[in-house]
Amino acid sequence: MAETASCDPIPAGAWETFNGVDAYGCEVSPLSTLDSRLEEVPQCSIEELLDEDEIVQEFRAGNSRLVERLCTLDAVRTLVEYITQEPSEGVSQGSRFRRPFVAAELLACNVERLFEVFVQPGNVELLNLLFSFMDSLSRSSTPPALASYFCSTVMALFAQYPDDIAAYLRHRCPNELLDVLLEHLELRCFAELLVHLLSGEAPGHVVFQTNQLVWKLVICIDERRFSSVAHEHVAFILDHVLARTCAGDLCQGSDFLQQCSAAPVLATLVSKVRSDCPAAAAAVAVLASVVLHTHGLPYHPLLPTRSFDSQAPRAARPQLACETDQRRRGANHVSCEGEARTVAVELEAAGTAVVDRLCAEMPRLCSIVEAAARGHTLNASAERLEESRVILHEAIVLLLRTSESSCDNQLTTTMANLDDLSARPGADELRNILVHHGWAVVESRCEGPKSTLQEVLAVLRRASQTRRRDAVTVLPQFGRLALEVLCLLAILVKTGKALVFESMLKAHVLPLCFEMLLSRPTSSVLHNAVRAIFSEVLGEIEQGLELVLALLRSGPLMQRVVAEYRCSVDSQASFGSVGVTRGYMQVGYMGHVRCMCMELHQLGTNFTEIATALAELEDWLDIVQSDMEAMAKLEAEPLGGQHPEATSQPFLPNFDCFIAARGAMVDLSDEIDLSLEDLRDIHEDLDEQQLLDLAEVQRRRRTKALTVAETQTESQAEAA
């Protein structure tokens, strides 16, 4: 039997090292300030504890003395008073804001012992005090900070004890509570609180009766009663509730689905879209949520989302709950299986009803996009700037062709063509540039060119981009309504229903979307929405082939796409020119245009109709396809090696990273010094065959490195 090790007692003065005095000779205590407060006799007040810096961290860490002190009825009452009542006038300015914040942080720490005080029998006065905050609210003077503290506390309490809190709220006139929450939807915290109260998974968690609940939310989308912020919060609430319903997580899911697909609700939402009122954007957002969730579709990565769990994977239809969820809901396997089938049937019916109604309204939806796309044409300043930019671009093309020509008299012909171009209306900028650089032969004071062709070309490119930038700044905003309509169209296409593709073909949706894209160069959110529609159409190419062909056959629009592509290629060619900086000539949507052109090119390899339509576009083969082939060749090249222009540009270093890496590997050795203990561990972990294989690998590596080094040495000797 092994001898038991004895522990020597710690000397009495062993801890004196940590006591005594500090570096300045002042007496210090081994206890923190908070611990010293907790040991005071008589006990310090809760207000004094709230002023301590480390109280929240210590409470979360489970400081036993602090938990014991704060989890009393009087202490909890004090904390609740701080988050529900405005501080008195005698409180200092610092404590006036700090103490309510610290009290809210303590109540939201999810400490079970603290929440037990609320639900203990006989402590209903605490809940009355907490929810008295809702009774004292007025729409004109709601303190946002206290509202946030109150909502976070109630959400944490409801998550910990849903049955007890739901029972209390059902006894406390839930209809009045719902009305108060709806009246204060201007604040995001009340919208999130309502979402939590509506997300009951078991019958005991239900707070509000579902009768007319969706209708009450829909009628809040009214510009006469609420602002656009409240409308957005209504869309957020309905999106989250629908997501939970269609996933089978809510016990009242069937009622929600029936209300969302009811004829009065759909008619009200569609009427708001037709009226083009300020609330129309929120109505479109709600319709998009209904389509998305009733069809069990995942959130599109290019579209904005509203729900809490937008990144969570989505099931196509509600799945059967696990045994733990069934026990929590008080249901058996048979009832859950029947509930899942019922919800699946209701989802199918609701989704079909909504899609049919929206397809009937497709002309109205497209008219919104068309009005937003063509709104910039009403701006006279933008038109003049764009006209000037087009003239400058034509001058750039003339100079580029001249630089590539070998004819002796080409320069004289180009200068004459530039003079003719500068005589057109709106060509004042071009005329001034030509005169300044001596390229205007019709001006008597011009004795000859003062600048080279490349210098004039660089100046014209800078002027063209300046005109484009100025034209973008004077364009009107496209509006949130048009963006919501584009998101709705992308979700409709994602359903894959034939009726959607037929109605979109009749309404010319894809040409309108491309026109919208080209009219707003600076809105990345809009660009993503158009790209989402296009990718979803190509994803259902069997049904979307006619849509794509209709887009390609819209000649003027596709010529604009090719022209923008040509402008982008010219911008890249100007990198390194005098006065032209890298990236200065790019446009916001060119990345999306390039991706969509690449998808069209790849699609043409599988469908001859698309390949033929692309070939019929002017400059598609010469500009777009050649650039894509060059880009594909560039991406296929291996990384490393010298810079392509290292031989012609003396300022570029003659450096090859591959040669440098190989040279470093020559000196690399896999052999390391191992101790006896290391060798013993290796022999314990590896068998003999594994050791032999490892040694063979190391030998091959050394041989290869030496061979490469010898080859490089011979090559250098031959070159010398």
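All residue numbers in this chain count up from 1 along the given sequence.
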Peer 1: State whether the side chain of His300 and the backbone N or O of Leu302 hold a donor-acceptor pair below 3.5 Å, judged by distance alone.
Peer 2: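 Yes, because the side chain of His300 sits within donor-acceptor range (under 3.5 Å) of the backbone of Leu302.
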Peer 1: Are Leu621 and Ser626 packed together at the side-chain level, in the sense that at least one heavy-atom pair is separated by less than 4.5 angstrom?
Peer 2: no
Peer 1: Taking all heavy atoms of Val218 and all of Lys272, pick out the closest pair and write down the distance.
Peer 2: O-CE, 4.3 Å
Peer 1: Check residues 596-607 and write down every donor-acceptor pair under 3.5 Å in which the side-chain atom is one partner and the other belongs to a residue at least two apart or another chain.
Peer 2:
unit_1	atom_1	unit_2	atom_2	d
Glu599	OE2	Arg531	NH2	2.8
Thr605	OG1	Gln602	O	2.4

Peer 1: So does Arg424 pair up with Glu394, basic N to acidic O under 4.0 Å?
Peer 2: yes
Peer 1: From Leu486 CG over to Leu481 CG, what is the distance, rounded to the nearest 0.5 angstrom?
Peer 2: 9.5 Å
Peer 1: Among all residues two or more places apart in sequence or in another chain, which pass the side chain to side chain donor-acceptor pair (under 3.5 Å) test with Asp619?
Peer 2: Arg566
Peer 1: Is there a side-chain contact between Val195 and Arg244 (heavy atoms, below 4.5 Å)?
Peer 2: no
Peer 1: Going by ring pair (Phe, Tyr, Trp, His ring centres under 6.0 Å), name the pairs with one or both residues in residues 524-551, residues two or more places apart or in two chains.
Peer 2: Phe514-Phe534, His527-Tyr589, His527-His592
Peer 1: Hey, does Gln258 have a side-chain heavy atom less than 4.5 Å from the side chain of Val214?
Peer 2: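 Heavy-atom side-chain distance check fails, nothing below 4.5 Å.
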Peer 1: Between Leu557 and Leu551, is any pair of side-chain heavy atoms under 4.5 Å apart?
Peer 2: yes
Peer 1: Donor-acceptor pair, distance only, cut-off 3.5 Å: does the side chain of Asn528 make one with the backbone of Ser524?
Peer 2: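 Confirmed, Asn528 side chain pairs with Ser524 backbone.
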Peer 1: With Arg274, which residues qualify under side chain to side chain donor-acceptor pair (under 3.5 Å), at least two apart?
Peer 2: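 If we apply the side chain to side chain donor-acceptor pair (under 3.5 Å) test to Arg274, skipping adjacent residues, the hits are Glu361.
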Peer 1: Name all pairs fulfilling the salt bridge (charged side-chain N to carboxylate O under 4.0 Å, His left out) condition that reach into residues 490-511, sequence neighbours left out, sorted by first residue then second.
Peer 2: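 Matches after skipping sequence neighbours: Lys494-Glu536.
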Peer 1: What's the separation between atom OG1 in Thr245 and atom CG in Leu198, rounded to the nearest 0.5 Å?
Peer 2: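 Between atom OG1 of Thr245 and atom CG of Leu198 there are 9.5 Å.
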Peer 1: Checking Glu540 now: which residues fulfil salt bridge (Lys or Arg N to Asp or Glu O under 4.0 Å) with it, not counting sequence neighbours?
Peer 2: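 Result, salt bridge (Lys or Arg N to Asp or Glu O under 4.0 Å) vs Glu540: none returned.
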Peer 1: Please report the closest heavy-atom contact between Leu517 and Leu526, naming both atoms and the distance.
Peer 2: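 For Leu517 versus Leu526, the nearest heavy atoms are CA-CD2, 4.0 Å.
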Peer 1: Just to verify, what does Glu618 make a salt bridge (Lys or Arg N to Asp or Glu O under 4.0 Å) with, not counting sequence neighbours?
Peer 2: none
Peer 1: Does some side-chain heavy atom of Val509 sit less than 4.5 Å from a side-chain heavy atom of Val369?
Peer 2: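 A side-chain contact under 4.5 Å is absent here.
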Peer 1: Which residues satisfy the side chain to side chain donor-acceptor pair (under 3.5 Å) test with Ser367, sequence neighbours excluded?
Peer 2: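 With neighbours one apart ignored, the set is Arg364.
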Peer 1: Give the C-alpha distance, both sets of side-chain angles, the deciding distance and a yes or no for side-chain contact (heavy atoms from CB on, under 4.5 Å) between Leu266 and Leu358.
Peer 2: CA-CA 9 Å; Leu266 295 180; Leu358 290 176; over 6 Å; no
Peer 1: Who pairs with Ala350 by side chain to side chain contact (heavy atoms under 4.5 Å, CB included), at least two apart in sequence or on another chain?
Peer 2: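 Ser261, Thr294.
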Peer 1: Ignoring hydrogens, what is the shortest heavy-atom contact between Ala360 and Pro363? Give both atom names and the distance.
Peer 2: O-CD, 3.8 Å
Peer 1: Calculate, to the nearest 0.5 Å, the distance between atoms CD and NE2 belonging to Glu370 and His508 respectively.
Peer 2: 10.0 Å
Peer 1: For residues Val354 and Arg357, determine if any side-chain heavy atom of one lies less than 4.5 Å from a side-chain heavy atom of the other.
Peer 2: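 SC-SC contact between Val354 and Arg357 ruled out.
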Peer 1: Do Leu257 and Cys246 touch side chain to side chain, with heavy atoms closer than 4.5 Å?
Peer 2: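 Yes, their side chains come closer than 4.5 Å.
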Peer 1: Could you tell me which residues satisfy salt bridge (Lys or Arg N to Asp or Glu O under 4.0 Å) with Glu223, sequence neighbours excluded, listed by chain and number?
Peer 2: none
Peer 1: For Arg553 and Glu616, run salt bridge (Lys or Arg N to Asp or Glu O under 4.0 Å): C-alpha distance rounded to whole Å, both residues' side-chain angles, the deciding distance at 0.1 Å, then the answer.
Peer 2: CA-CA 9 Å; Arg553 290 164 183 164; Glu616 292 175 353; over 6 Å; no
Peer 1: Show the nearest heavy-atom pair for residues Leu512 and Ala507, with the distance to one decimal.
Peer 2: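 Looking at all heavy atoms of both residues, the shortest contact is CD1-O, 3.8 Å.
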Peer 1: Looking at residues at least two apart in the chain, or sitting in another chain, which of them share a side chain to side chain contact (heavy atoms under 4.5 Å, CB included) with Leu182?
Peer 2: Leu178, Leu185, Leu194, Lys216, Leu217, Cys220
Peer 1: Using side-chain contact (heavy atoms from CB on, under 4.5 Å), reason through Thr268 and Ile219 one step at a time and then give a plain yes or no.
Peer 2: CA-CA 8 Å; Thr268 302; Ile219 61 177; 5.5 Å; no
Peer 1: Specify the closest pair of heavy atoms between Met504 and Ile533, including all atoms of both residues, with the distance to one decimal.
Peer 2: CE-CG2, 4.5 Å
Peer 1: Treating Thr352 as the side-chain partner and Ala349 as the backbone partner, does any N or O pair qualify as donor plus acceptor under 3.5 Å?
Peer 2: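 No: the side chain of Thr352 does not pair with the backbone of Ala349.
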Peer 1: Is it the case that the ring center of His293 lies less than 6.0 angstrom away from the ring center of Tyr299?
Peer 2: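 Between His293 and Tyr299, which both carry aromatic rings, the centre distance is below 6.0 Å.
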Peer 1: Considering residues at least two apart in sequence or located in another chain, which fulfil the salt bridge (Lys or Arg N to Asp or Glu O under 4.0 Å) criterion with Asp428?
Peer 2: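 Arg431.
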Peer 1: Evaluate Phe236 against His231 for side-chain contact (heavy atoms from CB on, under 4.5 Å), listing each step before the verdict.
Peer 2: CA-CA 9 Å; Phe236 159 74; His231 301 162; over 6 Å; no
Peer 1: Between atom CG of Leu421 and atom CG of Leu398, what is the distance when rounded to the nearest 0.5 Å?
Peer 2: 6.5 Å
Peer 1: Work out which heavy atom in Ile221 is nearest to a heavy atom in Ala282; give both atom names and the distance.
Peer 2: CG2-CB, 3.8 Å
Peer 1: Assess whether side-chain contact (heavy atoms from CB on, under 4.5 Å) is satisfied between Glu429 and Leu392, documenting all intermediate values.
Peer 2: CA-CA 8 Å; Glu429 181 73 12; Leu392 291 172; 4.2 Å; yes
Peer 1: Nearest 0.5 Å, please: how far is CG in Asp356 from OG in Ser503?
Peer 2: 10.0 Å
Peer 1: Salt-bridged, Glu484 to Arg480, with N to O below 4.0 Å?
Peer 2: yes
Peer 1: Hey, are the side chains of Arg594 and Tyr565 touching, using non-hydrogen atoms and a 4.5 Å cut-off?
Peer 2: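 When only atoms from C-beta onward are counted, Tyr565 and Arg594 do touch, with a gap below 4.5 Å.
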Peer 1: Drop me the distance from Leu242's CG to Cys260's SG, to the nearest 0.5 angstrom.
Peer 2: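 One gets 4.0 Å once the value is rounded to the nearest 0.5 Å.
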